[in-house]
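Being a predicted model, the structure only gives us computed values, none of them experimental. Computation of the quantities below employed the complete heavy-atom set of this structure, encompassing side-chain atoms and omitting hydrogens, waters and symmetry-equivalent molecules.
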Amino acid sequence: MSKKLILLFILGAFNSYQAQEKAEQALKTFEQKYPQEKIHLLFNKENYVAGENIWFKSFVFEGYSPSNISTSLFVELYDSNKNQISKKIFPLLNGEGSGSILLPETLKENVYYIRAYTTWMANFSEDFQLIKPIIVYNPSSPEKITPDTNSAWSAFVYPESGTFVNGINTKFAVRLQSKDVPPSEWEGYISEIDKPDTKIVTFKGLDQNVGLFNITPESGKKYQLTVQDKKGQKQTINLPEVSSSGLNLQVISSADNVKYTLKTKNISPEAQYYKVLGTINNQLVYKAKINKISDGLQYSIPNNQLINGILQLTVFDDKENIVANRLTFVQPQLLQIKKPALQSLSIKNGSREKSSFDITKDINCSNYTVLVIDSNTNSSEEEQSFLSTLWLTGDITSNISHPSQYFTKNRNVDALDALLISEKWKRFAWKYIISGNYPSIRYQPENYLSYKGKVNIQGKPAPNTDLNLMFASGSGTKLLQVKTDNNGFFTLNNLAFENSMKFSYQLNSKESKNESSVYFQPNFSFIPYKKELPTSAFKLTEELQKINYQQK
């Protein structure tokens with residue numbers, strides 16, 4: 001995908017203007033100086049047994065393109081009490097890398113957590129770092145892990161664009177949250193608080209995350225939402241207070257364009273104009289100035305100038321106060337996905353039989369990743385896929401159940417839209433960057449792998465000594481010449497290898513025949529994780545039955 005998006009200036013009815021104001025200038029500074037990364041890890045299986053290797057392929061993106069910012073990825077493994085079990089660093093080449101983490105055979109059966117981040121990502125909110133829960137089974141553990149089926153859910157309600165104005169028909173998203181998977185079948189209704197048995201609007205949930213309904217409110221009335229699942233669990237929450245005046249931003253994302261409408265009630269005549277800014281991946285892609293709002297007039301942003309992704313539309317008044325804000329997904333009906341053409345596909349299911357396929361050469365693709373898993377093993381991509389990380393959960397920090405469903409063949413585009421009505425863009429906050437409040441940069445990207453070495457001769461440091469080093473790895477052999485400092489130390493930077501590397505050395509000094517030794521230690525620092533780990537949808541119970549773990 002194109003890294004730079006196209007900036008649109010709408011003419012005619014909008015009276016386009018050239019002078020950039022604070023919001024645009026602030027966004028440009030943020031985009032140029034504070035690029036954002038996100039991570040997807042492709043695992044070889046969904047769950048593991050103690051003693052196995054967790055194999056993974058890593059993808060690091062800056063927005064929707066492979067990242068050129070970081071060349072090192074930090075991966076850590078924690079238990080449910082946030083005790084660190086393992087930590088490793090892996091090189092990244094054009095935003096991609098591979099690696100593995102060995103699970104100790106002594107690990108007790110439980111939920112564990114993989115954390116992945118780059119040092120550049122540590123300058124921003126920890127919410128955007130990857131935290132992946134995995135289940136590790138162990139036949140020797142006295143306690144066995146089971147789903148926590150008694151986990152409760154909570155409902156939340158969000159008006160489109162954040163406003164609920166008298167007389168304006170408003171779309172609402174209802175969001176379910178739970179530490180377990182929320183119910184897939186549920187329904188709700190709207191009533192007045194003082195008339196709880198009179199249903200004004202009824203609806204059914206679109207999936208386990210969200211539902212939608214519309215209501216036209218009246219001033220002076222108070223409304224409530226009642227939600228109930230198939231098991232009879234019920235919850236009632238109040239809708240926001242009805243405002244006597246304000247502006248509501250209504251958005252429809254179609255296959256051809258993104259359409260939006262501004263509807264108002266009793267707005268102040270003092271506002272000289274309104275400004276609408278559209279951003280994708282922290283880049284300005286749309287800008288319009290509206291001198292006079294005509295209720296019901298629909299404006300259009302053509303999709304041929306945009307790419308798939310989350311579009312944030314923000315309405316400002318003439319003093320650059322935020323009036324309304326809305327997230328939507330560009331062209332969810334037609335996902336722009338490049339797929340390799342497979343030829344001569346031959347899949348054999350027998351033991352030790354050969355399976356093969358050919359990939360048609362594409363000059364625009366330099367490499368491919370192939371995932372091979374056991375047919376009886378679930379893939380981690382079924383829950384959270386490459387596409388759902390790229391387009392959704394890499395930028396949305398709230399818990400979304402089964403996010404991959406929004407980018408499959410049978411996806412529900414209304415459910416995705418409802419989900420985004422309930423979300424806010426948290427990569428930046430307009431009010432902070434407009435006031436000049438930008439992130440504090442404390443960490444710079446690591447340059448691949450670096451090590452600090454020390455040379456000893458007859459047990460003592462060897463200062464100012466020339467040293468020939470020969471490194472051998474899967475990618476070949478490399479010869480380096482280094483010289484120790486006054487304390488016998490030297491540093492090796494910009495090393496890139498994924499597995500193990502062997503080295504041999506030779507001293508270039510009169511003392512080369514004496515007993516010598518060379519020691520290495522990593523020359524990089526892991527950054528502590530400050531947040532609490534997410535809660536688990538599983539619990540440990542005493543289990544007397546034997547379980548066939550070979551089928552897990």
Test your reading of the model: is there a side-chain donor-acceptor pair from [X] to the backbone of [Y], 3.5 Å cut-off?
{"X": "E160", "Y": "V251", "result": "yes"}
{"X": "T484", "Y": "T465", "result": "yes"}
{"X": "S388", "Y": "Q384", "result": "no"}

Would you tell me whether [X] and [Y] have side-chain atoms, one donor and one acceptor, within less than 3.5 Å of each other?
{"X": "T369", "Y": "K57", "result": "yes"}
{"X": "R411", "Y": "Q405", "result": "no"}
{"X": "T279", "Y": "Q312", "result": "yes"}
{"X": "N282", "Y": "E31", "result": "no"}
{"X": "S401", "Y": "N209", "result": "no"}
{"X": "Y260", "Y": "Y286", "result": "yes"}
{"X": "E423", "Y": "S398", "result": "yes"}

Original post:
Per the side-chain contact (heavy atoms from CB on, under 4.5 Å) rule, which among I135, N53, L107, L103 passes with Y48?
Top reply: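 Result for side-chain contact (heavy atoms from CB on, under 4.5 Å) with Y48: L103.
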Do [X] and [Y] have ring centres separated by under 6.0 Å?
{"X": "W391", "Y": "Y406", "value": "no"}
{"X": "F428", "Y": "F30", "value": "yes"}
{"X": "Y451", "Y": "F490", "value": "no"}
{"X": "F329", "Y": "F407", "value": "yes"}
{"X": "Y438", "Y": "Y34", "value": "yes"}
{"X": "Y78", "Y": "Y112", "value": "no"}
{"X": "F124", "Y": "Y443", "value": "no"}

Original post:
What are the two closest heavy atoms between L533 and K82, and how far apart are they?
Top reply: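 Looking at all heavy atoms of both residues, the closest pair is CD1-CA, 3.8 Å.
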**OP:** For Q208 and L176, work out which heavy atoms get closest and say how close.
**Re:** O-CB, 3.8 Å
**OP:** Taking the side chain as every heavy atom from C-beta outward, state whether I69 and E37 have any pair of such atoms under 4.5 Å apart.
**Re:**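 Result yes, sub-4.5 Å side-chain heavy-atom pair found.
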